[in-house]
Trainee: 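Shown below is the structure under consideration.
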There are 2 protein chains.
Amino acid sequence: MAPLKQCIRMMDEGIARVSQVLVQLPAAEATLSRLMLIVSRRMEEDLELQLKPHRLNHSEFLTMMFLYSRPDGSSTPGELCEFAAQGATNMTRIANALVKRGLITRAACREDRRRVVIRITAAGRRLVLKMLPPLFPRVDAMFGDFSETDQRHLARLLRKLAANLDQLSEHTPS
Amino acid sequence: MAPLKQCIRMMDEGIARVSQVLVQLPAAEATLSRLMLIVSRRMEEDLELQLKPHRLNHSEFLTMMFLYSRPDGSSTPGELCEFAAQGATNMTRIANALVKRGLITRAACREDRRRVVIRITAAGRRLVLKMLPPLFPRVDAMFGDFSETDQRHLARLLRKLAANLDQLSEHTPS
DNA sequence: ATCTTTTACTTCATCAGTGAAATATGAAGT
DNA sequence: ACTTCATATTTCACTGATGAAGTAAAAGAT
């Protein structure tokens, strides 16, 4: 894995050169966009690497975590799609895989029988409890040298960015 | 597309509930991690949507931009792999596709005949110049309400995070 | 000079995710 | 009752990315 440092340096140089030709280019904003994508990509790679020993991918992990975090340990495919930003097709596949491993159950909903209720099993809870703690040191390391205010700032800016993205999507109803 | 706002609220609630059970959970850091992944995922979706009309995906776009930004408009697959954080296999496929569209050329390197030199064509440059400007308003909108100091802060924090991730990868020579 | 190792890229098989269309079922509105 | 809408699953075709093995050339070792 190539160090991000180098990758980021190349990006900086590239943007500098391009903005000499294309003067209208919003260099600072473009840099921020690329930084976001580069850094988070590495974060995701890192996470997937940690999940691999447990034979879970990112989507499956998110699904498990979401279920685990719910008071009653259950949800529906539709809700999971929204949360995990997955298509319904993929959600079905994920649920199939997790059911097969005995980590969740699928059952018809009593009130609205169109719905399917997905519930985390005891084995699922055990898996989450087993795999989560080893993740903590890595997360700590990522933000180890972030002061309290650094953390607050980053959270604030990311939430602000999220709000702007929501605005953008609204005006681009694709 | 579900609004990020809602997705983020669910995440906040989830982390709050989990950290009541798992007290060791570094809640602030976990929140920052998830925020990064959620927000950048949406950014990437948005970008891919803008690229689609030009029949480019993210990797291909990165490749084109990297070539375009180089003084001589050329590079090698290996270098591109590093920059775009792609496997060599994927790079081959990308190059195939771009060559087929006449956006780049592939040629054997004279000095080292293992190497392949990839070069952007005039058509490739035209495409970049055509597709880039329409992207600017969106990037501007994303960071529109970011003050100068907001932008500086975000860039600084992301670069710091990148450095920490590099540290992490070093100590995990997978 | 030959043998081995390393580097650079490609090929092939496969997996993960997406989008669209078809199906089944049930709820809600008139 | 009848239409319309909502929820979820299945199938199929497709895109994008990856891992393992293969090829070819350069670099290094003996």
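Only heavy atoms go into these numbers, but all of them, side chains included; no hydrogens, no water, no symmetry mates. Per chain, numbering begins at 1; letters A, B, ... match sequence-line order.
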Trainee: Taking atom P of dC9(C) as reference, at what distance in whole Å does atom CZ of Arg115(B) sit?
Mentor: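 Distance check: Arg115(B) CZ to dC9(C) P gives 6 Å.
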Trainee: Could you walk me through whether Glu44(B) and Arg41(B) pass the salt bridge (Lys or Arg N to Asp or Glu O under 4.0 Å) check?
Mentor: CA-CA 5 Å; Glu44(B) 195 161 345; Arg41(B) 169 159 196 164; over 6 Å; no
Trainee: Could you state the interatomic distance from CD (Gln6(B)) to CG (Asp166(A)), rounded to the nearest 0.5 Å?
Mentor: 9.5 Å
Trainee: Take atom CG of Asn96(A) and atom P of dA16(C), then tell me their distance rounded to the nearest Å.
Mentor: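 My rounded result for the distance is 13 Å.
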Trainee: Shortest non-hydrogen contact from Leu157(B) to Phe146(A)?
Mentor: O-CZ, 3.5 Å
Trainee: With a cut-off of less than 4.0 Å, is there a side-chain N or O of Arg106(B) near OP1 or OP2 of dT10(C)?
Mentor: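 For Arg106(B), the contact criterion (side-chain N or O under 4.0 Å from OP1 or OP2 of dT10(C)) is met.
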Trainee: For the pair Arg114(B) and Asp112(B), find out whether any cationic side-chain nitrogen is under 4.0 Å from an anionic carboxylate oxygen.
Mentor: yes
Trainee: Among all residues two or more places apart in sequence or in another chain, which pass the side-chain contact (heavy atoms from CB on, under 4.5 Å) test with Met10(B)?
Mentor: Phe66(A), Phe83(A)
Trainee: Grab the two heavy atoms, one from Ser40(A) and one from Leu37(B), that are nearest each other, plus how far apart they are.
Mentor: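 Scanning both residues, the minimum pair turns out to be O-CD2, 3.6 Å.
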Trainee: Over how many whole Å does the gap from Glu44(B) atom CD to dG16(D) atom P extend?
Mentor: 12 Å
Trainee: Side-chain N or O of Arg93(A) versus OP1/OP2 of dA16(C): is the shortest distance under 4.0 Å?
Mentor: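 Looking at the OP1 and OP2 atoms of dA16(C), neither is under 4.0 Å from any side-chain N or O of Arg93(A).
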Trainee: Tell me the interatomic distance from Ile104(A), atom CD1, to dA8(D), atom P, rounded to whole angstroms.
Mentor: 13 Å
Trainee: Once salt bridge (Lys or Arg N to Asp or Glu O under 4.0 Å) is applied, what residue pairs with a partner in residues 83-100 of chain B remain, sequence neighbours excluded?
Mentor: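 Found none.
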Trainee: Between Arg41(A) and Met91(A), just flag the one whose closest nucleotide in DNA chain D comes earlier from the 5' side.
Mentor: Met91(A)
Trainee: In the 5'-to-3' direction, what one-character label does each nucleotide of nucleotides 20-27 of chain C receive under the scheme B = base within less than 4.0 Å of a protein heavy atom, S = sugar-phosphate only, - = no such atom?
Mentor: B----BBS
Trainee: Could you give the distance from CG (Asp145(A)) to CG (Asp150(A)), rounded to the nearest 0.5 Å?
Mentor: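 Rounded to the nearest 0.5 Å, the CG-CG separation comes out at 8.0 Å.
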Trainee: Going by heavy atoms closer than 4.0 Å, what residues in residues 52-77 of chain B are next to DNA chain D?
Mentor: Asn57(B), Ser59(B)
Trainee: Write down the distance between CG (Leu51(B)) and P (dG16(D)), rounded to a whole number of angstrom.
Mentor: 11 Å
Trainee: Quick one: bend of the helix from dA1(C)-dT30(D) to dT30(C)-dA1(D) from 5 pairs per end, to 10°?
Mentor: 20°
Trainee: When rounded to the nearest 0.5 angstrom, what is the spacing between CD1 in Ile94(B) and OG in Ser59(B)?
Mentor: 4.0 Å
Trainee: Rounded at 0.5 Å granularity, tell me how far CE in Met36(A) sits from CG in Leu158(B).
Mentor: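 Atom-to-atom, Met36(A):CE and Leu158(B):CG are 6.0 Å apart.
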Trainee: Starting from P on dC9(C), measure out to CD on Glu82(B) and report it in whole angstrom.
Mentor: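 After rounding, the gap between these two atoms is 11 Å.
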Trainee: Rounding to a whole Å, what distance do you find between Leu80(B):CG and dC9(C):P?
Mentor: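 So the two atoms are 9 Å apart, to the nearest Å.
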Trainee: Residues in salt bridge (charged side-chain N to carboxylate O under 4.0 Å, His left out) with Asp12(A), at least two apart?
Mentor: Arg159(B)
Trainee: Should Arg70(A) and Glu79(A) count as an ion pair when the cut-off is N to O under 4.0 Å?
Mentor: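 Yes, Arg70(A) and Glu79(A) are salt-bridged.
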Trainee: How close or far is atom P of dG19(C) from atom CD of Glu48(B), stated in whole angstroms?
Mentor: 10 Å
Trainee: With respect to the phosphate group of dT18(C), does any side-chain polar atom (N or O) of Gln86(A) fall under 4.0 Å of OP1 or OP2?
Mentor: yes
